[in-house]
Amino acid sequence: MKPFTYQRAKTPAEAARAVAASPGAKFIAGGTNLLDLMKLQIETPTHLVDVQDLKLDRIDATDEGGLRIGALVSNTALASDARVRRDYGVLTRAIVAGASGQLRNKATTAGNILQRTRCPYFYDTDQPCNKRKPGSGCAAIGGYSRQLGVIGTSDACIATFPGDMAVALRVLDATVQTVKPDGTTRAIPFADFHRLWGDTPHIETALERGELITAVTLPKPIGGRHFYQKVRDRASYAYALVSVAAVIQPDGTGRVAFGGVAPKPWRVEAAEAAMPQGARAVTTQAFAGARPTEDNRFKLPLAERTLASVMAQAKAQDA
Ligand code: SF4
């Protein structure tokens, strides 16, 4: 690990200013992803700004009938909150499908949506990787790509966003709340938070330099039956090959987003109109323009079958 300096910030604006002031600075909270990357020297911050004292660990009701989830709320606390379990079940299910109990106790809401890809070449510093070293190339293109993306990828990077919680937040139309170094605040719709890779896969979110996530807000509950179904190579502690987050109403209408397939939680609202016609009608539209590799072409029929399974469960529960 490379040497770095460390400070504990007292306010969100102080933390944002501290990171903005130093080109090599990064925020740290739970550290469940960043510390691993530092040990491998994939991330080499020169200064860490610890945000754990910022009192952003509450879940509060909003005036609009939704919830405001503080950036430092642990994944465990969020998944087990009675209001989340009752009204946003897709979120609880997605969180408990990810990582391990120990990691969920430490990982935070903001950290979860900022986690880096698990592309194997990103972790191998002997391999070219445009995300780790811009302009160096992409070892995954033409390499081993079974886990990687099938849609929304680019000629520079075919990695996926690896998380589960974010897929549920996308279905719930969450909003990311931030503070900038000048003290102004911003609300970023979740749909716009993660970027497609394009020519700059090292730029992963809409956050500006020093901009700190303070909360994630949920609109008022939308009812329906909530599902998170994750298909992976082993039963626990593995990233999704494909996942489906869905909220399905008794008449068969609903919302759906896919994980494990793209640089961001993949939701195509126009495709949701086809939900009453069945899974194939939805995935045909949602994955139009897909660019799978030979290794990961199987993800397309797998996404359809996973959604079909979720729809069948919804139908059985409403029967
Ligand atoms: Fe790097 Fe992206 Fe290529 Fe993986 S897919 S090697 S993360 S550029």
Side-chain angles (χ1 to χ4, degrees), residues 1-2 24 26-27 31-45 98-99 103 107 110-167 170 191-207 209 230-234 237-243 257-267 286-287 289-300 302-303:
M1 196 183 279
K2 301 258 187 196
K26 277 201 167 279
F27 300 116
T32 57
N33 192 203
L34 180 59
L35 290 177
D36 283 347
L37 294 168
M38 287 171 66
K39 289 176 200 164
L40 294 166
Q41 299 194 5
I42 294 164
E43 296 264 19
T44 53
L103 285 167
N112 193 315
I113 63 175
L114 289 171
Q115 63 182 293
R116 310 292 307 273
T117 186
R118 264 64 178 189
C119 170
Y121 301 102
F122 178 68
Y123 288 82
D124 184 345
T125 51
D126 289 332
Q127 297 289 333
C129 171
N130 287 322
K131 184 180 288 298
R132 180 170 24 80
K133 190 173 176 199
S136 63
C138 172
I141 296 174
Y144 181 70
S145 56
R146 182 170 180 274
Q147 284 276 359
L148 303 183
V150 296
I151 195 161
T153 54
S154 73
D155 291 340
C157 180
I158 60 170
T160 56
F161 174 81
D164 296 295
M165 188 181 88
V167 189
R170 179 70 180 90
D192 301 331
F193 182 73
H194 294 102
R195 292 163 42 102
L196 297 182
W197 304 141
D199 294 333
T200 53
H202 58 293
I203 304 172
E204 299 180 344
T205 70
L207 294 175
R209 178 87 202 139
K230 179 175 179 179
V231 182
R232 46 189 159 175
D233 281 330
R234 61 185 180 199
Y237 201 39
Y239 294 93
L241 292 168
V242 164
S243 68
F258 299 87
V261 294
K264 60 195 294 184
W266 195 252
R267 180 178 175 199
F287 290 91
R291 300 198 318 168
T293 67
E294 281 309 309
D295 286 348
N296 67 19
R297 191 172 297 280
F298 72 94
K299 287 192 176 191
L300 296 172
L302 185 59

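Both counts, for ligands and for their atoms, begin at 1 and track the order of listing.
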Item to check | Chi angles and distances behind the salt bridge (charged side-chain N to carboxylate O under 4.0 Å, His left out) call for Asp233, Arg146 | outcome: CA-CA 11 Å; Asp233 281 330; Arg146 182 170 180 274; 2.7 Å; yes

Checklist entry - Which residue holds the protein heavy atom closest to atom 5 (S) of ligand 1, what is that atom called, and what is the gap in Å? => result Ile158 N, 3.3 Å

Item to check | Test: Asp124 and Arg132 ion pair at under 4.0 Å | outcome: no

Checklist entry - For atom 2 (Fe) of ligand 1, does an N/O/S atom of Cys138 lie at less than 2.8 Å? => result no

Checklist entry - Which pair of non-hydrogen atoms, one from Lys131 and one from Cys157, has the smallest distance, and what is that distance? => result CE-SG, 4.0 Å

Checklist entry - Would you call Arg195 and Glu204 a salt bridge, using N to O less than 4.0 angstrom? => result no

Item to check | Numbered atoms of ligand 1 (with element) below 4.0 Å of Tyr121, judged on heavy atoms | outcome: 6 (S)

Item to check | Proximity of Tyr144 and Tyr121 rings by center, below 6.0 Å | outcome: no

Next on the checklist: Just to confirm my output: which protein heavy-atom neighbour is closest to atom 2 (Fe) of ligand 1, and how far is it?
Outcome noted: Cys157 SG, 2.4 Å

Checklist entry - Which atoms of ligand 1 sit under 4.0 Å from any heavy atom of Ala156? => result 8 (S)

Checklist entry - Any idea which protein heavy atom is nearest atom 1 (Fe) of ligand 1, and the distance to it? => result Cys129 SG, 2.3 Å

Checklist entry - Using 30° and 60° as the class limits, which term best fits the ring planes of Phe161 and His194: parallel, tilted or perpendicular? => result tilted

Checklist entry - Is Ser145 near ligand 1, meaning one of its heavy atoms is under 4.0 Å from it? => result no

Item to check | Shortest protein contact, atom 4 (Fe) of ligand 1 (heavy atom only) | outcome: Cys119 SG, 2.3 Å

